[in-house]
Q: 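Shown below is the structure under consideration.
Here the structure is a predicted model, which is why all the values come from computation and not from measurement. The sequence lines fix the lettering, A, B, ..., with proteins before strands; numbering per chain opens at 1. Every heavy atom of this structure was used, including side-chain atoms; hydrogens, water molecules and symmetry mates were not.
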Amino acid sequence: MSEVRVRIAPSPSGNLHVGTARTALFNYLFAKKNNGKFVLRIEDTDAERTSQEYIDNIFDSLKALGLNWDEGPDVGGPYGPYTQSQRFDIYPKYAQMLLDKGFAYECFCTPEELEAEKELATQNKKPYVYSKKCENLTEAEKEKLRAEGRKPAIRFNIAKAQKAFHDSTILKFDDLVKGELHMDTALLGDFVIMKSNGTPTYNFAVVIDDMLMKISHVIRGEDHISNTFKQILIFEALGAEVPRFGHLGMILAPDRSKLSKRHGATAVSEFVEKGYLTDALINFVALLGWSPSDGKEIKTVDEIAQDFRINDVSSSNSIFEYDKLNWMNSHYIKMLPIEELKERLKPYLTKYNLNELTDAQYTRMVEITREPLTLLSDITDAVPYFFGEDVEVEPKVQAEILDTEVAQNVLKEFVKQSKDWSFDEETLHEKLEAFRAQFKELGIKPKVTMWAVRAAVTGRTCGADMTAILAILGKEKSLRRIESAIKQPV
RNA sequence: GCUCCCAUCGUCUAGAGGCCUAGGACAACACCCUUUCACGGUGUAGACGGGGAUUCGAAUUCCCCUGGGAGUACCA
């Protein structure tokens, strides 16, 4: 077999969507597994919806996910340019070739005429197919229309191509993931390949680009299945080799509709902003439609590539549920080396003055607060009590903990006993253990004892390891907070 | 409307005729651990959409129904 070459061809009309990311991933995996090339092509034929900002977002997101391309707009390659808008001069040649071979014809129909045809079809409850009324225009007729100032579009002649290459109007192909797929080409209708403004339509541009870029396998979403039949016919009419196709199920929102903004984040960059790790995201998305042969679900992209077989990919749609993604993200956060975690958390700590802590204290703070994090951004609300002189005590905590007699006794006792403690973790651990034991003798549960201390120092009833918190804050600050929580006898 | 695709626990899935009284993961619940929250550990509950057919035997094959998704542009 010739070289495996796959591509991802996003259109920059928005930020990189997670669905596109998954398609990119599966292409990448397929390329890696088969020692092939992974190509990035930007399909920006529709100038109005395209923006440089989106192009940058696509590049950045793909890179962040670790899906590096071998050829693309920025890195170049032997079959460039890799941006469709820079290839506009090459499409007309091939359109002309199709015209010459009789597989395409000029169409002078106006939008109004076309609209009327469609209207009629819906009225008669018939499926709309183009009437082909421009198929057999004479040169004289065309000249006349041209003289009127009408610019023709070019349509592909389905029936001609079908008859030239197939016995039946039923066209079949063997899909890499779904198996044999078929379609009656008689139902397709002669579609436009070159718009009257001289730019190619999607279905034409893809074929020309895939052909010229020597793409061997086209792996994409199943929303392209019906396009595939059109594209196969174009490949054949051009005398080009038809690539193999593989169509992936769609990613759906929990309500089974298309994943869109109203369901939350859809772009990879939005997930990153929310505090998701790209490693977790890509791992999660890989599991949508694919499962590891050894049952181990936490895997790097390279590990997945070793185990990847395109025909093992599920052909059904899958629902994007946050539960598992969240679990995976917290898992990846736990796995992150401490130094890296410290850096990645900083963007979410801008409201605090990190200079209040030494590097060692910051390290310890991260160590003891990382456990319950689901998102990196969760750190923001997990650490306010490490900063500032005083703490904000939640009203409920004030009423239910600090205002109780038990708590007041605990705190008074704590102040008294801790006067001569050294506030390093080791000492604190020992002393606190003994401290709890004293109160236990009095019938006060260890956790009640600690609640009092925790409430006074952090203003909360839950949080990180109390010993470490006291050590980080230091004796002076800890005691000041506790003293101010003690009600003076009136 | 027409065409195409899909169908196993709530979700992602394993399963390619007997290994399935259907396995795993997430979520849920219970218990254990414990200075709180969590982590972790151990358990519990939970599915082959329905109906036919083939077969000694079907989650696995075929047909119908139902449900869901997609396509139907001079968008991509």
Q: With sugar-phosphate meaning primed atoms plus P, OP1 and OP2, does A:Arg454 contact a base, only sugar-phosphate, or nothing at under 4.0 Å between heavy atoms?
A: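 Base contact - A:Arg454 has a heavy atom under 4.0 Å of at least one base atom.
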Q: Side chain of A:Glu222 only, please: which of B:U36, B:C5, B:G1 is the nearest?
A: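 The answer is B:C5, which lies nearest to the side chain.
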Q: Could you work out which one of B:G69, B:C74, B:A27 sits closest to the side chain of A:Asn317?
A: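 Out of B:G69, B:C74, B:A27, the nucleotide with an atom closest to A:Asn317's side chain is B:G69.
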Q: Tell me the partner of B:A30, counting only Watson-Crick (N1-N3 plus N6-O4 or O6-N4) or G-U wobble (N1-O2 and O6-N3) with both under 3.5 Å; none if nothing fits.
A: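 Per the H-bond distance test, B:U42.
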Q: Would you classify A:Gly221 as touching base, sugar-phosphate or nothing, given that sugar-phosphate means primed atoms plus P, OP1 and OP2, and contacts are heavy atoms under 4.0 Å?
A: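 Here A:Gly221 touches no strand at all.
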Q: For the side chain of A:Asp323, counting heavy atoms from C-beta on, which of B:G69, B:U36, B:C26 is nearest?
A: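 Output: B:C26.
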Q: So does A:Lys195 get a side-chain nitrogen or oxygen closer than 4.0 Å to the phosphate oxygens (OP1/OP2) of B:A76?
A: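 For B:A76, OP1/OP2 do have a side-chain N/O of A:Lys195 under 4.0 Å.
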Q: Quickly work out the A:Asp294 CG to B:U13 C1' distance and round it to whole Å.
A: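 My rounded result for the distance is 14 Å.
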Q: Check every strand shown and say whether A:Asn326 touches a base, only sugar-phosphate, or nothing at a heavy-atom separation below 4.0 Å.
A: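 Result for A:Asn326 = nothing.
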Q: Just compare B:C5, B:A76, B:A14 and give me whichever is closest to any side-chain atom of A:Ser11.
A: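 The answer is B:A76.
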Q: If you take atom types as modelled and just measure distance, does the side chain of A:Thr201 reach the base of B:C74 with a donor-acceptor pair under 3.5 Å?
A: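 No pair found.
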Q: Over all strands shown, is A:Ala9 touching base, sugar-phosphate only, or nothing at heavy-atom distances under 4.0 angstrom?
A: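 The residue A:Ala9 makes no contact with any strand.
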Q: Please report, rounded to the nearest Å, how far the C1' atom of B:C39 is from the NE2 atom of A:His331.
A: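 After rounding, the gap between these two atoms is 12 Å.
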Q: Choose from B:U35, B:U11, B:G69 the nucleotide whose nearest atom is closest to any side-chain atom of A:Ile319.
A: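 Closest of the options to the side chain of A:Ile319: B:U11.
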Q: Of the options B:C4, B:A76, B:A38, whose atoms approach the side-chain atoms of A:Pro372 most closely?
A: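 Within the option list, the nearest is B:A38.
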Q: Looking only at the side chains, is there a donor atom on one of A:Thr228 and A:Arg220 sitting less than 3.5 Å from an acceptor on the other?
A: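 Note: A:Thr228 and A:Arg220 side chains meet the donor-acceptor criterion.
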